[in-house]
Protein chains: 2
Amino acid sequence: MSPEGERILVVDDEPFIADLLAAALRFEGFQVEVAGSGREALQVATPGRYDLVMLDVMMPDLEGTEVCRRLRESGVAVPVVFLTARDSTEDKVYGLGMADDYVTKPFSLEELVARVRAVLRRAGYESPDAAELRYADLVMSVDTHEVWRDGRSIELTATEFRVLQYLLEHPRRVVPKSEILDHVWDYSFEGDASIVETYISYIRKKLDESGGPPLIHTVRGVGYSLRVPKE
Amino acid sequence: MSPEGERILVVDDEPFIADLLAAALRFEGFQVEVAGSGREALQVATPGRYDLVMLDVMMPDLEGTEVCRRLRESGVAVPVVFLTARDSTEDKVYGLGMADDYVTKPFSLEELVARVRAVLRRAGYESPDAAELRYADLVMSVDTHEVWRDGRSIELTATEFRVLQYLLEHPRRVVPKSEILDHVWDYSFEGDASIVETYISYIRKKLDESGGPPLIHTVRGVGYSLRVPKE
DNA sequence: GGACAACGACCAGGATCCGCACGGCGTGCG
DNA sequence: CGCACGCCGTGCGGATCCTGGTCGTTGTCC
C-alpha cells in the first residue's frame, strides 16, 4: 500500500451519499476526492490520477455506465466500482460487464470497505489478506463465508456472520453496541441498538452449543467483547 | 503535537454547551475558538485554520450537517466531530456519514476528550497511546476494559472503571471530588459530589480485597490521591 | 485535653437501566 | 404455499446507580 493510501474518486450527485462514502473511505486511510456529476468526473479522471473510481449508476446528467464507457474510451483503465439501487436488476447486468464490482444501496460501511479493498487487491495494490480471521478456537473464512469452532462447522446467517466478523476484527476490545450497529447495519436502518443484542444472542447460542467456554462477553453499560474467559 | 496544542473550533448556539466544551478542551491544552452559529463557523473556518471542528447538529440557522457539507465543498478538509442528541437516529446517520466521530449529549468530559484525541490521532496529530495505564502494581487496559492488581484480575462496573481511569490518568496528584464528578459524570447530572465518595469506597474495597497496601488515599478537605503509601 | 463541628466512610434500599429471551409479523425465495 | 430470515415489540430479572442516613474520624477552638 502506498504510504498515503490509494487515491479514490467518488462520483455521486447526492451530497449525503458522496459524503458518507468519502468519510468512510478516508477513515480507512484512503485519499478521497469527490465529483458531484458524471461530467465533472470525466474532467478530473485523467489517466493514472486515481487508483479506483466509485460511480453512482443513477445520475441526472450522465448515467454511471456511460461515464465508465467514456473513461475506457479515453484510455483511463482505472478499476471501477458501481453504486446501484438494490432492486435494479438491469443496472446490475450492465454494471457487471464494465465494473470490477458493485455495491447496492443502502450499503453498510463494512460491505463498502470490503468491496473496495477486494478490488484494489485484485488490481495489485494491496497485499492479499489472509481472508481468514482467527481467535482462540474460532476460525472464519471471509471469502467462503464459513465459520468453525474447534474444527466443527457452524452455520450463520448473513447478519450473524457480519456481526461476528466485526468482533473478530477487534478481538478482546470491548466494542460498543452502537459501533456494531454503525458498521454492520446499512445507513438507512432506523431502529435502535437493541437489535444488536438479539443477534449477539443468536451467535452465542450457535457458538456455544458445540461446547467450549463462552467467547462473547457482555460488559454491562459498555458493549461486547470477544475473548477467552480468564480462568 | 504542536507546542501550542491543536486548534479547535467549537460551533454551538447554546452558550452553556459551547463554554463547557471550550473550557474542557482548553484545560487539555488545545487552542479553542468558539462560533455561536453555523454561518459564523463558515466565515471563520478557512482552509488550514483549524485542526478539528466540533459541530452541534441542531442549530437554528444552519444544521451542523449542512455546515459540514459546505465546508467540504469549499475545500476545508478538517476533521469534524458532531454533537448530537442521544436518540436522534437521523442525526446519527448523517453524522456518521460525514463526521470523523460523534458525541451524544449529554456527554461527560472524559468521553469528549477521548473522542477528540482519537480523531486527532487518526489524522496524524498525536502519537498513538499505549491504551494501557499503569501505576504501582495496578494495570488498566482501556480497550478491553480490564483491570489487574498484582496480576490478579479485578471486576469493575462501568462507572467504577471511569473513576479509576481518571485517577490513573493523574497519578499521585490530589484530585478534588468535584473534578472527578465533572469529568466522569455527564453534565446533566444533578446530584452532589458525595456520589464520588460512594464510588471511591466501592473501588477501594475491590482493589484492596486482593491484598496489597491501600492505593487510594483521602486528603481531607481536598480530594483523593492515587499513590503508594510512603513506608 | 475535651467538646463540637465538619467531613468522610460505608451501608441499605429503592429506582432505574440494561441485557436478554420470546414471539409475532413481514418479506423473499424455492 | 411454506419456510427461512430479518426486524421489532414486550416483559422479566437482575445488575447498577444513586440517595439518604448513620456512624466514625479528623481538625479546631476553647
Side-chain angles (χ1 to χ4, degrees), chain A residues 85-89 92 104 106-108 110-111 145 154-164 167 174-182 184-209 214-226, chain B residues 86-87 89 93 104 106 108 110 145 154-164 167 174-181 184-209 214-225:
Chain A
R86 181 131 293 172
D87 329 304
S88 172
T89 319
K92 246 186 221 174
T104 54
F107 49 82
S108 71
E110 279 289 290
E111 192 185 343
H145 218 265
I154 294 174
E155 300 296 328
L156 299 180
T157 69
T159 305
E160 289 163 6
F161 188 90
R162 290 198 301 272
V163 171
L164 183 58
L167 290 176
V174 178
V175 184
K177 281 184 292 192
S178 62
E179 195 179 312
I180 299 177
L181 192 73
D182 289 343
V184 171
W185 272 261
D186 70 61
Y187 57 81
S188 69
F189 179 68
E190 300 221 322
D192 66 39
S194 70
I195 186 76
V196 177
E197 296 165 9
T198 304
Y199 276 86
I200 290 288
S201 134
Y202 294 157
I203 297 169
R204 271 210 259 245
K205 201 178 292 172
K206 292 185 178 179
L207 288 191
D208 296 344
E209 75 185 3
L215 288 180
I216 300 179
H217 303 270
T218 303
V219 182
R220 248 187 121 75
V222 187
Y224 297 97
S225 173
L226 185 72
Chain B
R86 180 132 294 170
D87 318 309
T89 317
V93 171
T104 54
S108 71
E110 276 292 285
H145 219 263
I154 295 174
E155 301 294 331
L156 299 180
T157 70
T159 306
E160 289 162 7
F161 188 91
R162 290 198 302 272
V163 171
L164 182 58
L167 290 176
V174 179
V175 184
K177 280 184 288 196
S178 62
E179 193 179 314
I180 299 176
L181 191 73
V184 170
W185 273 261
D186 70 60
Y187 61 78
S188 70
F189 180 70
E190 301 215 325
D192 65 41
S194 70
I195 183 78
V196 177
E197 296 166 9
T198 302
Y199 275 87
I200 289 289
S201 148
Y202 293 156
I203 296 169
R204 273 211 258 244
K205 193 183 293 175
K206 292 185 177 178
L207 287 192
D208 296 344
E209 75 184 3
L215 289 180
I216 300 179
H217 302 272
T218 304
V219 181
R220 252 184 116 75
V222 188
Y224 297 98
S225 172

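Predicted, not measured: the structure shown is a model, and the values here were computed from it. Chain identifiers are assigned alphabetically (A, B, ...) following the order of the sequence lines, protein sequences preceding nucleic acid strands; residue numbering begins at 1 within each chain.
When the side-chain nitrogen and oxygen atoms of B:Thr198 are compared with OP1 and OP2 of D:dC17, none of them lie within a distance under 4.0 Å. Contact between the side-chain N/O atoms of A:Thr218 and the OP1/OP2 oxygens of C:dG19 is not found at any separation under 4.0 Å. For the pair B:Trp185 and D:dC17, the criterion of a side-chain N or O lying under 4.0 Å from OP1 or OP2 is not met. For C:dA9, one of the phosphate oxygens OP1 or OP2 lies less than 4.0 angstrom from a side-chain nitrogen or oxygen of B:Arg204. The phosphate of C:dG8 has OP1 or OP2 within less than 4.0 Å of a side-chain N or O from B:Lys177. Dashed line: the shortest gap from a side-chain N or O of A:Lys205 to OP1 or OP2 of C:dC20 is not under 4.0 Å. In terms of phosphate contacts, B:Tyr224 brings no side-chain nitrogen or oxygen within less than 4.0 Å of OP1 or OP2 of C:dC7.
Side-chain proximity of B:Ser201 to C:dC22, C:dC10, C:dG8: nearest is C:dC10. Listed nucleotides D:dC8, D:dT16, C:dC20 differ in distance to A:Phe189; the shortest reach to its side chain belongs to D:dC8. Among the nucleotides D:dC7, C:dG19, D:dC18, the one closest to any side-chain atom of A:Tyr199 is D:dC7. Checking D:dC17, D:dG14, D:dG6 against the side-chain heavy atoms of B:Thr159 singles out D:dC17 as nearest.
If you measure from atom CG of A:Leu156 to atom C1' of D:dG6, you get 15 Å, rounded to the nearest angstrom. Rounding to whole angstrom units, CZ of residue A:Arg162 and C1' of D:dC5 are separated by 12 Å. Rounded to a whole Å, the CD1 atom of B:Ile203 is 14 Å from the P atom of D:dT16. Between B:Asp192 atom CG and C:dA6 atom P there is a gap of 16 Å when expressed in whole angstrom units. Put simply, CZ on A:Arg220 is 6 Å from P on C:dG19, counting in whole angstrom units. Rounded to whole Å, the distance from CD1 on B:Ile195 to C1' on D:dT19 is 8 Å. Across the protein-nucleic acid pair, B:Glu209 atom CD and C:dC10 atom C1' stand 15 Å apart, rounded to whole Å. Rounded to a whole Å, the CD atom of B:Glu197 is 14 Å from the P atom of D:dC18.
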Is there a side-chain contact (heavy atoms from CB on, under 4.5 Å) between A:Ile195 and A:Phe189? Walk through the geometry before answering.
CA-CA 11 Å; A:Ile195 186 76; A:Phe189 179 68; 3.8 Å; yes

Under the side-chain contact (heavy atoms from CB on, under 4.5 Å) rule, what do B:Tyr224 and B:Val196 come out as? Steps first, then yes or no, please.
CA-CA 10 Å; B:Tyr224 297 98; B:Val196 177; 4.2 Å; yes

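A residue-by-residue look at A:Tyr202 and A:Ser194 shows that A:Ser194 has its nearest nucleotide of DNA chain C further toward the 5' end.
Taking 4.5 Å as the limit, some side-chain heavy atom of A:Ile180 sits within range of a side-chain heavy atom of A:Leu167.
Using a 4.0 Å cut-off between a side-chain N of Lys or Arg and a carboxylate O of Asp or Glu, B:Lys206 and B:Glu160 qualify as a salt bridge.
Ring pair B:Trp185/B:Tyr199 is perpendicular by interplanar angle, where above 60° counts as perpendicular and below 30° as parallel.
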